[in-house]
Amino acid sequence: QVQMVESGGGLVHAGDSLKLSCLSSGRTFSRSAMGWFRQTPGKDREFVGCIDWSGNHGFYADSVKGRFTISRDNAKNTVYLQMNSLKDEDTGIYYCAAFEGWGTSRKAEDYDYWGQGAQVTVSS
């Protein structure tokens, strides 16, 4: 059974940093791109960023570029989302996901496996 579990969410103040982790089990994603998405009530799931299988190439939404960084440790089956200079609008449930297609993708519908989500709340 494939499981992807996010951790590290919480309540922080604007300007603070937070690091999310996503641990996978039941399947190896060392050859899969990994993505982070977020969702707020009443809105579609929004692309935050993704990283290729090697960890050498990251791609980010304009809204988080320069503030968020994705990394991965394939030996630990873990992908990370480092979030700096957090803003109110970064509030949401953050999901990690695995994409088993070719390359990377910014589309949620392309991803094959999903975590259950971690709440991030940024207060001003």
Side-chain angles (χ1 to χ4, degrees):
Q1 182 181 357
V2 177
Q3 280 194 312
M4 300 176 69
V5 180
E6 299 93 339
S7 60
L11 171 64
V12 296
H13 293 104
D16 285 350
S17 296
L18 203 60
K19 187 173 184 177
L20 302 182
S21 300
C22 174
L23 173 64
S24 301
S25 61
R27 190 176 183 89
T28 299
F29 293 119
S30 59
R31 293 293 180 177
S32 302
M34 301 296 290
W36 286 95
F37 293 78
R38 65 187 180 192
Q39 191 167 24
T40 53
K43 293 187 177 181
D44 290 337
R45 201 162 288 189
E46 174 191 17
F47 172 77
V48 173
C50 64
I51 191 167
D52 74 340
W53 69 272
S54 70
N56 291 330
H57 303 283
F59 305 92
Y60 301 93
D62 288 343
S63 59
V64 306
K65 198 174 294 183
R67 299 188 298 121
F68 289 13
T69 303
I70 300 175
S71 60
R72 65 190 297 166
D73 186 336
N74 287 338
K76 295 182 179 179
N77 294 323
T78 302
V79 62
Y80 305 97
L81 178 64
Q82 176 68 48
M83 302 183 290
N84 298 330
S85 302
L86 282 160
K87 305 177 181 179
D88 293 357
E89 52 263 42
D90 294 320
T91 293
I93 300 174
Y94 282 71
Y95 299 89
C96 67
F99 170 60
E100 298 200 310
W102 176 258
T104 59
S105 175
R106 294 173 178 249
K107 299 178 181 179
E109 58 265 33
D110 287 343
Y111 283 73
D112 301 285
Y113 298 94
W114 290 85
Q116 85 290 346
Q119 177 70 49
V120 172
T121 304
V122 184
S123 65
S124 56

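Sequential numbering from 1 along the given sequence is applied to the chain's residues.
Exactly one residue among Met34, Arg31, His57, Arg72 makes a side chain to side chain contact (heavy atoms under 4.5 Å, CB included) with Asp52. That residue is His57.
By the side chain to side chain donor-acceptor pair (under 3.5 Å) test, Asp73 pairs with no residue at all, sequence neighbours left out.
Residues Ile70 and Phe59 have side chains not in contact (no heavy-atom distance under 4.5 Å, counting atoms from C-beta outward). Gln3 places none of its side-chain heavy atoms less than 4.5 Å from the side chain of Tyr113. In this structure the side chain of Glu6 reaches within 4.5 angstrom of the side chain of Gln116, judged on heavy atoms. Side-chain contact between Phe29 and Val2: present, with at least one pair of heavy atoms (C-beta onward) separated by less than 4.5 Å. Contact check for Ser32 versus Arg27: no side-chain heavy atoms found under the 4.5 Å cut-off. Taking 4.5 Å as the limit, some side-chain heavy atom of Cys96 sits within range of a side-chain heavy atom of Trp36. A 4.5 Å side-chain heavy-atom check between Arg38 and Val120 finds every atom pair outside the cut-off.
Hydrophobic clustering of Ile, Leu, Val, Met, Phe, Trp and Tyr side chains at less than 4.5 Å, counting indirect connections, keeps Tyr111 apart from Tyr94.
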Going by atom type alone, with no hydrogens or angles, which donor-acceptor pairs under 3.5 Å involve a side-chain atom of residues 7-20 and a protein atom two or more places apart or on another chain?
from  : atom 1 : to    : atom 2 : distance (Å)
Asp16 : OD2    : His13 : N      : 3.0
Ser17 : OG     : Asn84 : OD1    : 2.9

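Ion pairing of Lys87 with Asp90 is absent here, as no side-chain N (NZ or NE/NH1/NH2) approaches a carboxylate O to less than 4.0 Å.
Between Phe47 and Phe37, the ring planes are perpendicular. Angles over 60° get that label, and only those under 30° would be called parallel. Under the 30°/60° scheme for interplanar angles, the aromatic rings of Trp114 and Tyr95 are found to stand perpendicular.
Of all heavy-atom pairs between Thr104 and Cys50, the closest is CB-SG, 3.8 Å.
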